[in-house]
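As structure tokens, the structure follows; a few thoughts come after it.
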2 protein chains.
Amino acid sequence: MQTSAFSPHDHSRCITSAIGHAKSLCADRGVKLTPVRQRVLELVWQSHQPIGAYELLASLAKEGFNSAPPTVYRALEFLSGQGLLHKLESINAYVGCCNPDTPHQGHFLLCQDCHQAQELDSQYINLALKVSADQHGFKIQRHTIEIVGTCEECLAQSTALEPTP
Amino acid sequence: MQTSAFSPHDHSRCITSAIGHAKSLCADRGVKLTPVRQRVLELVWQSHQPIGAYELLASLAKEGFNSAPPTVYRALEFLSGQGLLHKLESINAYVGCCNPDTPHQGHFLLCQDCHQAQELDSQYINLALKVSADQHGFKIQRHTIEIVGTCEECLAQSTALEPTP
DNA sequence: TTGACAGTTGTTATAATATAACATAGCATT
DNA sequence: AATGCTATGTTATATTATAACAACTGTCAA
């Protein structure tokens, strides 16, 4: 089962679990989760919000890692190739993937107040995309589905603040 | 009715009609379709593929327009604010909007062979997005829906070339 | 052992995309 | 003419991403 990214939760457990998962997954696949790759994945998960490449780079630099742009972009490329994270195209930022075992591309809810992202993988949306594509004889390879708005928690807060419109 | 962007068609009529439409729409709204704005819109429509800001800028420069980046970004901002074009976030490129009267955000089929884009506005997809968002108590403001793959025409071509796999 | 390779990382430079900030110009209304 | 608003010009810089090539590391086989 899955918690919402928007709700308060013990995020350190998310990180630990995501890293453990990534390790075994890479071992199974015979690919290397090298120190810099692992650290980038940790940093992505540590962030409560989608994080940009240059912000990651700054953190790596502070920790003594090599800190030229290719370092972080290579790590991001590897991790996204392994399905361990997703890039959010509309904000040029990266988020950890909750379900890296099965190759997929998620759908994302992006809250413009708290700037958190929630990954979905709605079969309903997938079906709607497939139907539309089929109608045009279009064969889907991949997609970018990013929904921007306000999450439940932030909505509740703003209504609490302005009870009478 | 609407032709597919992927199918052969008299594209000059698309342009003329789009510009005419834009003119009357701007007049109605009391906003100015200035020469540079109009020219950017024409260039976007003239391109058979989504076109990048700096490519537009190069064309403007050749035609004697001012050619610093803000010029084209301002025009793009105006045009997209009026719903006359859309930005494709996954490829940083811009396409004309077929239906600028009703504010909306389309869904896009992007062919990775011919690099053309087809705008959809499927109620089926909109509904699926709404249902998913509602399930999470999420209020949608806007979205980015970009489906990458192969269009019908390019699929037909590639099957014609490789009849027996 | 060594040498050949594949994969990874280091390094430098640069490309591609986008915006900030402030000055100037045009034009409508007072 | 003076005022204010919108649009444009101009310079500089921020942000995001990749090219190209050199150096290192481990593995496996000759």
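Each chain gets a letter, A, B and so on, in the order the sequences are listed, and its residues count up from 1. Everything numeric in this text was worked out from a predicted model, so none of it was measured.
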Sidechain N-carboxylate O distance under 4.0 Å for B/Arg74, B/Glu77: no
Aromatic ring pairing A/His143/A/His107, orientation class (parallel under 30°, perpendicular over 60°, tilted between): tilted
Nearest-nucleotide comparison on DNA chain D, the residue closer to the 5′ end among B/Pro69 and B/Lys32: B/Lys32
A/Lys87 vs B/Thr71, nearer the 5' end of DNA chain D by closest nucleotide: B/Thr71
Whole-Å distance between [N] [atom2] and [X] [atom1]?
| X | N | atom1 | atom2 | result |
| --- | --- | --- | --- | --- |
| B/Ile91 | D/dA17 | CD1 | C1' | 16 Å |
| B/Tyr94 | C/dT17 | OH | P | 9 Å |
| A/Leu57 | D/dT15 | CG | C1' | 12 Å |
| A/Arg37 | C/dG7 | CZ | P | 11 Å |
| A/Leu33 | C/dT8 | CG | P | 11 Å |
| A/Ile51 | D/dT16 | CD1 | P | 11 Å |
| B/Tyr54 | C/dA18 | OH | C1' | 6 Å |

Candidates D/dT10, C/dG10, D/dT18 - which lies nearest the side chain of A/Asn66: C/dG10
Among A/Val148, A/Ile91, A/Leu120, A/Val95, side-chain contact (heavy atoms from CB on, under 4.5 Å) partner for A/Phe108: A/Val95
A/Glu146, A/Lys87, A/Glu89, A/Arg142 screened by side-chain contact (heavy atoms from CB on, under 4.5 Å) with B/Ser90, the one that passes: A/Glu89
When you check the side-chain N and O atoms of [X] and [Y], is any donor under 3.5 Å from an acceptor?
| X | Y | value |
| --- | --- | --- |
| B/Gln157 | B/Glu153 | no |
| A/His104 | A/Asn126 | no |
| A/Glu119 | A/His86 | yes |

Residue-phosphate contact under 4.0 Å: A/Asn92 side-chain N/O, D/dT15 OP1/OP2: no
Close approaches to DNA chain D from residues 73-86 of chain B, in residue order (heavy atom, under 4.0 Å): B/Arg74
